Every structure is written in structure tokens, then in C-alpha cells.
Amino acid sequence: MNPNPHLIFEHARILKDFGDVKAFGAAYGLSKSTMEYRFYNPYFSPVHLRPQVAKALKKMQKDGYVRIVGLETQGD
């Protein structure tokens, strides 16, 4: 059984590489408010995740800044 989908951010690496959450989000085309919301509220429903945000999260995962837990069995 999969846990509830959630994000695990590499906080130290993000802050080291980008300086703050706003710059991190901007690098992936996300607004400050969207990025802060996801950063501090990591649980989500895939049904309510906007396509732009889902695409950015997958790129963040590929780049090693976030791990998406609970969606391993779902395709890209």
C-alpha cells in the first residue's frame, strides 16, 4: 500500500543552491506562493495538482531537489 502522496524536499541543498524558496520556484517556473505552499505543505492529491506544477515537480525530482513519495506506480 502506498502512503499518501507527499514531497520530501532537500531543504539544505535548495537553500545552498538558490538562497531562498522564491528563487528556487522561479527557476522551475512556479510562483513564490505556489512554491511556499508546496514547500511547507508537502501532502497533496494528484487530482488537484495543476499540470504545470506536476511538470515542475517531476523536473525538481530529476534534478535531485525533491523526492515524490506515493506515486511510484503511476506513469509520467
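Because the structure is predicted, anything quoted here is derived from the model rather than measured.
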## Note on the structure
Rounding to 0.5 Å, atoms CZ (F9) and OH (Y65) come to a distance of 13.0 Å
### Query
Side chains of R38 and L7: closer than 4.5 Å at any heavy-atom pair?
yes
### Message
Using side-chain heavy atoms (C-beta onward) and a distance below 4.5 Å, is H6 in contact with I68?
### Response
no
### Task
Would you sort out whether V53 and T34 count as a side-chain contact (heavy atoms from CB on, under 4.5 Å), showing the intermediate values?
CA-CA 8 Å; V53 175; T34 297; 3.9 Å; yes
### Message
Does atom CZ (R13) have a neighbourhood of more than 12 heavy atoms from anything else shown, all under 6.0 Å?
### Response
yes
### Message
Are the side chains of V21 and Y40 in contact, using a 4.5 Å heavy-atom criterion?
### Response
yes
### Task
Kindly give the heavy-atom pair with the smallest separation between A27 and F18, and that separation in Å.
CB-CE2, 3.5 Å
#### Entry: Single-linkage hydrophobic cluster F39~F44, side-chain heavy atoms < 4.5 angstrom
yes
### Task
Determine whether R50 and K55 make a side-chain contact, defined as any pair of heavy atoms from C-beta on separated by less than 4.5 Å.
no
### Approximate separation, where rounding is to 0.5 Å, of M35 CE and K22 NZ
14.0 Å
### Query
Any side-chain heavy atom of F24 within less than 4.5 Å of one from L30?
no
### Message
Just verifying a value: how many Å separate L57 CG and L49 CG, rounded to the nearest 0.5 Å?
### Response
6.0 Å
